[in-house]
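For the numbers below, each heavy atom of this structure counts, side chains included, while hydrogens, waters and symmetry mates do not.
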Amino acid sequence: MSFRRTPPARRLHIANKSDYREYFLELKEDFKLRCGYCGSFDKRRNNDFEIDHFVPQRVLNEIKTNEYKNLVYSCKSCNRSKSGKWISDDENISIVNEEGFIDPCNEEYDTHFIRHTDGDINWTSNIGKWIYRELSLFNIQHTIFWLLEDIRNSIDECRNIMRSEGETQELKDCLLALYIIEEEFLNKIFK
């Protein structure tokens with residue numbers, strides 16, 4: 001199973017802005033409402049996500065703090081776990097001895113992880129293991145967000161069947177059960 005449902009793709013040419021926070025909407029779009037690091041879907045779409053500097057600001061030398069190619073749309077969990085972590089004091093050295101970060105927009109990123117059918121994340125390489133640990137990808141919220149998206153997709157599918165084939169009691173019961181499960185997950189994560 002793919003680690004992330006939709007890998008992000010930053011636009012190459014985007015108008016410069018003076019403050020990195022002004023890129024929020026562009027990042028949200030380029031990352032397809034998903035955390036670049038864990039793939040969690042921004043279900044609530046109400047700014048629970050943040051902007052991470054891939055190369056932390058404390059290490060920046062030639063890269064500017066508002067440089068779009070260094071920004072990542074990130075869930076709070078990944079952003080706070082990563083924080084200012086960087087494997088070296090050089091903005092150009094992101095990996096040392098199979099430890100360090102890979103830009104989540106790099107196609108190689110997904111090859112270091114696996115997502116199990118229950119939503120749990122695991123690593124497939126030493127670099128993946130390091131990132132997994134540093135980003136706290138073992139955190140249950142990553143699994144819950146993955147399962148919430150599965151539930152939401154099932155709800156949408158059920159509603160589409162009801163529209164095209166008509167409502168049956170079985171479909172209504174199924175839809176109600178899915179809504180109840182979704183609400184329970186949301187209550188667990190957003191208390």
Treat each ILVMFWY residue as a node, draw an edge where side-chain heavy atoms are under 4.5 Å apart, and state whether Leu171 and Leu176 are in one component.
no

Check: Lys82 side chain, His53 main-chain N or O, donor-acceptor pair, under 3.5 Å:
yes

Say whether, by atom type as modelled, one donor and one acceptor occur between the side chain of Arg34 and the main chain of Arg4 under 3.5 angstrom.
no

Can you confirm whether more than 12 heavy atoms, excluding those of Glu107, are under 6.0 Å from its CD atom?
no

Please, which pairs that meet salt bridge (Lys or Arg N to Asp or Glu O under 4.0 Å) have at least one residue in residues 160-171, sequence neighbours excluded?
Glu167-Lys172

Please find the pair of heavy atoms, one from Gly128 and one from Phe113, that lie closest to each other, and give the distance.
O-CE2, 3.4 Å

Do the side chain of Ser83 and the main chain of Lys85 share a donor and acceptor less than 3.5 angstrom apart?
no

Cation-pi check, Arg58 to Trp86: give yes when NZ or CZ is under 6.0 Å from the six-membered ring centre and within 45° of the ring axis, no otherwise.
no

Please check if any side-chain donor atom of Asn153 sits under 3.5 Å from a side-chain acceptor atom of Glu157, or the reverse.
no

Ignoring hydrogens and angles, tell me if any N or O in the side chain of Ser74 forms a donor-acceptor pair with the backbone of Gly36 under 3.5 Å.
no

Take atom CG in Asn97; do more than 12 heavy atoms of anything else shown fall under 6.0 Å from it?
no

Between Cys38 and Leu137 the two heavy atoms that sit nearest each other are CB-CD2, 3.7 Å

Output the distance between atom CG (Leu178) and atom CD1 (Ile151), rounded to the nearest 0.5 Å.
7.0 Å

Got a donor-acceptor contact below 3.5 angstrom from the Asn79 side chain to the Glu50 backbone?
no

To the closest 0.5 Å, what do you measure between OH (Tyr179) and OG (Ser154)?
11.5 Å

Between the side chains of Asn66 and Tyr23, is a donor N or O closer than 3.5 angstrom to an acceptor N or O?
no

Within the distance-only criterion (no hydrogens, no angle test), does the side chain of Glu91 pair as donor or acceptor with the backbone N or O of Glu62 below 3.5 angstrom?
yes

Is it the case that the side chains of His112 and Thr124 hold a donor-acceptor pair, with the cut-off being a distance below 3.5 Å and no angle test?
no

Do the side chains of Ile180 and Ile155 join up, straight or via other hydrophobic residues, at under 4.5 Å, putting them in one cluster?
no

To the nearest 0.5 Å, atom CD of Glu183 lies from atom CD1 of Ile181 at 12.0 Å

Heavy-atom nearest pair, Ile131 first then Ile102, reads CD1-N, 3.9 Å

What are the two closest heavy atoms between Phe145 and Ser40, and how far apart are they?
CB-OG, 3.6 Å

Can Arg115 and Asp120 be said to form a side-chain contact (heavy atoms from CB on, under 4.5 Å), step by step?
CA-CA 6 Å; Arg115 176 86 62 165; Asp120 284 347; over 6 Å; no

Assess whether side-chain contact (heavy atoms from CB on, under 4.5 Å) is satisfied between Lys32 and Arg5, documenting all intermediate values.
CA-CA 10 Å; Lys32 299 164 184 77; Arg5 287 186 168 101; over 6 Å; no

Output yes when a side-chain donor or acceptor of Tyr68 lies under 3.5 Å from a complementary backbone atom of Glu26, and no otherwise.
yes

With sequence neighbours excluded, residues passing side chain to side chain contact (heavy atoms under 4.5 Å, CB included) with Trp130:
Ile87, Glu99, Phe101, Arg133, Glu134

Does this structure show an ion pair linking Arg10 with Asp30, if we count only N-O contacts that are shorter than 4.0 Å?
no

Does the side chain of Asp42 come under 3.5 Å of the side chain of Tyr73 through a donor N or O and an acceptor N or O?
yes

The reported gap from CG in Leu135 to OG in Ser81 (rounded to nearest 0.5 angstrom) is 6.5 Å

Looking at side-chain heavy atoms only, is the closest gap between Asp52 and Leu71 below 4.5 Å?
no

Restricting to non-hydrogen atoms, name the atom on Asp103 and the atom on Tyr109 that form the minimum distance, rounded to 0.1 Å.
O-CB, 3.8 Å

With side-chain contact (heavy atoms from CB on, under 4.5 Å) as the criterion, how do Cys105 and Lys69 come out once you've worked through the C-alpha distance, each side chain's angles and the decisive distance to 0.1 Å?
CA-CA 9 Å; Cys105 289; Lys69 70 179 183 180; over 6 Å; no

Is there a side-chain contact (heavy atoms from CB on, under 4.5 Å) between Ile51 and Leu27? Walk through the geometry before answering.
CA-CA 8 Å; Ile51 297 174; Leu27 288 165; 3.8 Å; yes

Give a yes or no on this: more than 12 heavy atoms of other residues, nucleotides or ligands lie within 6.0 Å of atom CG of Asp89.
no

Hydrophobic cluster identity match, Leu12 and Val72, side-chain contacts under 4.5 Å
no

How long is the straight-line distance from CZ of Phe31 back to SG of Cys75, given to the nearest 0.5 Å?
12.0 Å

Ile121 vs Phe138 side-chain heavy atoms within contact, under 4.5 Å
no

Shortest non-hydrogen contact from Pro56 to Gly84?
CG-O, 3.5 Å

So, Glu67 side chain and Lys64 main chain: donor-acceptor pair closer than 3.5 Å or not?
yes

Can you tell me how far the CD atom of Glu184 sits from the CG atom of Leu148, to the nearest 0.5 Å?
11.0 Å

